[in-house]
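For reference, the structure discussed in these notes is given below.
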Amino acid sequence: MPWKGEKDPYKIWLSEIILQQTRVEQGLEFYKKFIFHFPSVSDLAQTPDTEIFKLWEGLGYYTRCKNLIITARHIAIDKKGIFPDTYAEILALKGIGPYTAAAIASFAYNLPHAVVDGNVFRVLSRFFSISTPIDSTAGKKIFASLANELLDKKQPASYNQAIMDFGATVCKPKIPLCSSCILQTQCVAYKKGIVQLLPVKEKSIIKRNRYFYYFIITYNSKIYVYKRKENDIWENLYEFILVEKTSPVTIDINSMARLLTDTIDTKKFKITGITKVYKQQLTHQTIYAQFIQVDLFTVLSNPAYDLIGKEEIKKLPFPKLITSYFKDHPLFKI
DNA sequence: AAGCCGGGGAT
DNA sequence: ATCCCAGGCTT
């Protein structure tokens with residue numbers, strides 16, 4: 001992995017943001033792409049938001065990208081391009097919490113701060129047989145202080161790297177390699193036979209269903225798009241004109257036409273196609289989406305909608321749901 | 001303290 | 001279908 005042994009705080013920071021709640025295999029290509037486009041923090045800071053979001057497209061958790069931009073510009077402008085070198089200053093940056101601050105502080109500056117990520121929670125809870133839920137306030141305190149006690153203060157970077165690697169390769173979530181584990185005789189959970197039961201989480205995720213009807217409205221060879229706002233998924237990404245329902249709508253031309261006339265201020269259109277149902281599984285919700293292609297014969301007056309040419313649309317960032325649609329329906333065919 | 005934010009891979 | 005991932009922010 002290109003960030004292992006890396007000492008440039010900018011590159012460490014970038015890799016850690018990309019890897020938040022993201023597997024190494026999934027983040028690797030994004031990291032390479034970002035380093036290629038933005039060798040330094042000033043390169044990143046000077047680039048327009050939309051271009052950066054386009055590179056982040058498909059990686060998910062888009063607030064990370066928003067905060068990445070904010071922090072890049074803060075460092076480039078307010079800090080004259082110099083990355084902060086104390087734990088407290090690093091922690092104060094947007095998008096950086098306790099884990100990422102400890103990772104940067106130890107990897108870049110060899111400061112004695114223990115990382116506590118999913119791997120560390122798992123290793124410590126099993127090795128010491130601690131059943132305090134890791135997603136509780138008490139649990140976070142216990143595991144953080146325990147991790148800092150155990151930290152090798154003389155080589156924090158190596159220690160942090162080692163315990164995470166151990167969790168990722170040996171003390172794995174579902175099928176830990178206990179039979180070949182060098183810590184087997186010291187592992188309390190193994191002794192008790194409760195490795196599979198640890199770590200404990202107390203909160204369960206509640207999912208809801210959402211039904212999206214996207215109208216691909218073409219007028220004068222251009223298409224209407226909309227930039228998503230805050231307080232919902234996919235902030236700062238683009239989409240088409242959306243009608244959302246809490247329950248599915250019957251799929252025929254007439255029902256779709258009614259949906260559209262409830263949303264836009266004209267009846268001068270013709271529906272030319274309706275796609276299959278696309279399903280997108282998110283952490284807290286399942287989205288079912290259909291795309292309805294529409295030819296429009298008059299302009300819309302809603303200023304929130306942007307009428308964009310097909311070549312320009314290719315430069316905008318879209319959620320996976322919509323890039324999946326593009327895959328099946330290339331824009332030049334619309 | 002609780003809820004929300006994506007997408008992908010393993011099981 | 002469920003869990004988890006080099007977590008953090010908002011309410």
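Since we're looking at a predicted model, the values are computed, not measured. Chain identifiers are assigned alphabetically (A, B, ...) following the order of the sequence lines, protein sequences preceding nucleic acid strands; residue numbering begins at 1 within each chain. The analysis underlying the following values was restricted to heavy atoms, covering all of them including side chains, and did not include hydrogens, waters or symmetry mates.
With rounding to whole Å, A:E57 atom CD is found 19 Å from B:dC5 atom P. Taking atom CH2 on A:W56 and atom P on B:dG7, their separation rounds to 13 Å, with Å as the unit. Atom CD in A:Q285 sits about 9 Å away from atom C1' in B:dC5, given to the nearest Å. Atom C1' of nucleotide C:dG7 and atom CD1 of A:I104 are separated by 13 Å, given to the nearest angstrom. Atom CD in A:Q281 sits roughly 13 Å away from atom P in B:dC5 (whole-Å rounding). A:D117 places its CG atom 14 Å from the P atom of C:dC4, with the value rounded to the nearest Å. Distance, A:Q21 CD to C:dC5 C1': 6 Å, rounded to whole Å. One atom, CE of A:M1, and another, C1' of C:dA6, lie 10 Å apart when rounded to the nearest Å.
To the nearest 0.5 Å, atoms CG (A:N67) and NE2 (A:H74) are separated by 13.0 Å.
Sorted by first and then second residue, the pairs that involve residues 64-78 of chain A and meet salt bridge (charged side-chain N to carboxylate O under 4.0 Å, His left out), not counting sequence neighbours, are A:D49-A:R73, A:K66-A:E235.
Taking the six-membered ring for Trp and thresholds of 30 and 60 degrees, A:H113 and A:Y87 have nearly parallel ring planes, at less than 30 degrees apart.
With hydrogens and angles disregarded, no donor-acceptor distance shorter than 3.5 Å links the side chain of A:D262 to the backbone of A:L259. With hydrogens and angles ignored, the 3.5 Å screen pairs no side-chain donor or acceptor of A:R228 with any backbone N or O of A:L237.
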A:N254 vs A:D252, side-chain hydrogen bond (donor to acceptor under 3.5 Å, both in side chains): CA-CA, chis, key distance, verdict: CA-CA 6 Å; A:N254 290 331; A:D252 60 54; 4.8 Å; no
A:Y214 vs A:F291, ring-ring contact (aromatic ring centres under 6.0 Å, His included): CA-CA, chis, key distance, verdict: CA-CA 5 Å; A:Y214 278 124; A:F291 296 85; 5.4 Å; yes
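In terms of polar N and O atoms assigned as donor or acceptor, the side chain of A:Y61 comes within less than 3.5 Å of the base of B:dG6 in a complementary pairing. For A:R64 against B:dC5, no side-chain N or O and base N or O form a donor-acceptor pair under 3.5 Å. For B:dG7, its base never sits under 3.5 Å from the side chain of A:T22 at any donor and acceptor pair. The base of B:dG7 sits with one of its N or O atoms less than 3.5 Å from a complementary donor or acceptor on the side chain of A:Q26.
Phosphate contact (OP1/OP2 of B:dC4, side-chain N/O of A:H284, threshold under 4.0 Å): present.
Within the nucleic acid shown, A:K66 has no heavy atom closer than 4.0 Å to any nucleic acid atom. Contact annotation for A:T100: backbone-only contact, meaning every heavy-atom pair under 4.0 Å involves sugar-phosphate atoms and none involves a base. Base engagement by A:W3 is indicated by at least one non-hydrogen atom pair under 4.0 Å involving a base atom. Among the protein residues, A:L59 comes within range of the nucleic acid bases, having at least one heavy atom under 4.0 Å from a base atom.
Within residues 156-166 of chain A, the residues having any heavy atom closer than 4.0 Å to DNA chain C are, in order of number, A:Q161, A:M164, A:D165.
Listed nucleotides: C:dG8, B:dG6, C:dC4. Nearest to the side chain of A:R122: C:dC4.
Side-chain contact of A:S324 with A:K320: a donor-acceptor pair under 3.5 Å is present, judged by distance alone.
Nearest-nucleotide assignment on DNA chain C puts the 5′-proximal partner with A:R23, out of A:V116 and A:R23.
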